[in-house]
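Read through the structure below, which is laid out as structure tokens, and then see the notes.
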Amino acid sequence: MNENRKQDILDHRYLRMAKIWAENSYCKRRQVGALLVKDGAIISDGFNGTPSGFENICEDENNVSKPYVLHAEANAITKIARSSQNSDGATLYVTASPCIDCAKLIIQCGISRVVYGEKYRLEDGLQLLRRAGIETKYVNINDNESE
């Protein structure tokens, strides 16, 4: 099997895992999951939700996301900051393409590649990542992988 095909298979697998991880989110409007992978190992994970110690309710009475809800990417990145790992050269697998604020965090922490499974309504995050030289790849996780 060639290296590109092997990477495509891994991209599908990790993205499906991120989708499953998103199920941990208490958010009702949208559940997003993220995994940080480096050297073939998952080094961090995240899903969208409120900060540690807050109630697990993401939306207000009008079904609008509370302003302090963290995105899955931000949760994965901040977890890595509290560990002995680092994200230099890592790949971020996230179920929805990053927003502009998460894109800034991705750039600053040295992630070199972002694989996403759903296009966010705004594309400014993806544009910023590409401008910074970070590889972005859309993967339809509903496609079946074949080995």
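No hydrogens, no waters, no symmetry mates; every other heavy atom, side chains included, goes into these values.
The line from CG of Asn4 to CD1 of Ile9 is 11.5 Å long, rounded to the nearest 0.5 Å. For the atom pair Asn24 CG and Asn75 CG, the distance stands at 11.0 Å (nearest 0.5 Å). For the atom pair CG (Leu129) and CD (Glu123), the distance works out to 11.5 Å, reported to the nearest 0.5 Å. To the nearest 0.5 Å, atom CZ of residue Arg131 and atom CD1 of residue Ile107 are 9.0 Å apart. Expressed to the nearest 0.5 Å, how far CD1 of Ile80 lies from OG of Ser87 amounts to 6.0 Å. Here the CG-CD1 distance, from Asp101 to Ile106, works out to 11.0 Å after rounding to the nearest 0.5 Å.
Side-chain atoms of Asn48 never come within 3.5 Å of backbone atoms of Leu70 as a donor-acceptor pair (strictly under, hydrogens ignored). With Gln31 contributing its side chain and Tyr26 its backbone, the two residues share no donor-acceptor pair below 3.5 Å. With hydrogens and angles ignored, the 3.5 Å screen pairs no side-chain donor or acceptor of Asn62 with any backbone N or O of Val64. Side-chain atoms of Ser25 do not come within 3.5 Å of backbone N or O of Ala22 as any donor-acceptor pair.
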Derivation and outcome, side chain to side chain contact (heavy atoms under 4.5 Å, CB included), residues Lys28 and Cys58: CA-CA 7 Å; Lys28 294 176 184 168; Cys58 298; over 6 Å; no

Side chain to side chain contact (heavy atoms under 4.5 Å, CB included) assessment of Tyr138 paired with Lys119: CA-CA 8 Å; Tyr138 168 74; Lys119 294 177 182 169; 4.2 Å; yes

Stepwise side chain to side chain contact (heavy atoms under 4.5 Å, CB included) test for Lys19 and Tyr14: CA-CA 9 Å; Lys19 186 175 182 179; Tyr14 283 123; over 6 Å; no

Working for side chain to side chain contact (heavy atoms under 4.5 Å, CB included), residues Val114 and Glu135: CA-CA 6 Å; Val114 175; Glu135 178 189 345; over 6 Å; no

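With respect to Asp11 and Arg113, a salt bridge is recorded, a charged nitrogen being found less than 4.0 Å from a carboxylate O. A salt bridge is absent between Arg30 and Glu59; no separation between the charged side-chain nitrogens and carboxylate oxygens falls under 4.0 Å. Using a 4.0 Å cut-off between charged side-chain N and carboxylate O, Asp8 and Lys137 make a salt bridge.
In this structure, Leu126 is a member of the same hydrophobic cluster as Ile134, with clusters built from ILVMFWY side-chain heavy atoms closer than 4.5 Å. Val139 is not connected to Leu92 by any chain of hydrophobic side-chain contacts under 4.5 Å among Ile, Leu, Val, Met, Phe, Trp and Tyr, and they are in different clusters. Grouping the Ile, Leu, Val, Met, Phe, Trp and Tyr side chains by contacts below 4.5 angstrom, directly or via other members, places Leu105 with Tyr116. Residues Phe47 and Val94 are members of separate hydrophobic clusters, defined by side-chain heavy-atom contacts under 4.5 angstrom among Ile, Leu, Val, Met, Phe, Trp and Tyr.
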Scan the side chains in residues 49-57 for donor-acceptor partners under 3.5 Å anywhere in the protein, sequence neighbours excluded, and list what turns up.
unit_1	atom_1	unit_2	atom_2	d
Thr50	OG1	Glu55	O	2.7
Glu55	OE2	Lys66	NZ	3.0
Glu55	OE2	Tyr68	OH	2.6

Taking distance alone, no hydrogens or angles, what donor-acceptor pairs closer than 3.5 Å link side-chain atoms of residues 32-44 to residues at least two apart or in another chain?
unit_1	atom_1	unit_2	atom_2	d
Lys38	NZ	Asn86	O	3.3
Lys38	NZ	Asn86	OD1	2.7
Lys38	NZ	Asp88	O	3.2
Ser44	OG	Ala76	O	2.7

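Between Ala90 and Ile111, the shortest heavy-atom distance links the atoms O-CG2, 3.3 Å. Closest approach of Tyr93 and Leu15 over heavy atoms only: CD2-N, 4.1 Å. Between Glu73 and Pro98, the closest heavy-atom pair is OE2-CA, 3.2 Å. Contact record, Gly89 with Ser112: O-OG, 3.2 Å, taken as the closest heavy-atom pair.
When side chains are defined from C-beta on, Thr136 counts as touching Arg130, because their heavy atoms get closer than 4.5 Å. For the pair Cys27 and Val69, the minimum side-chain heavy-atom distance is below 4.5 Å.
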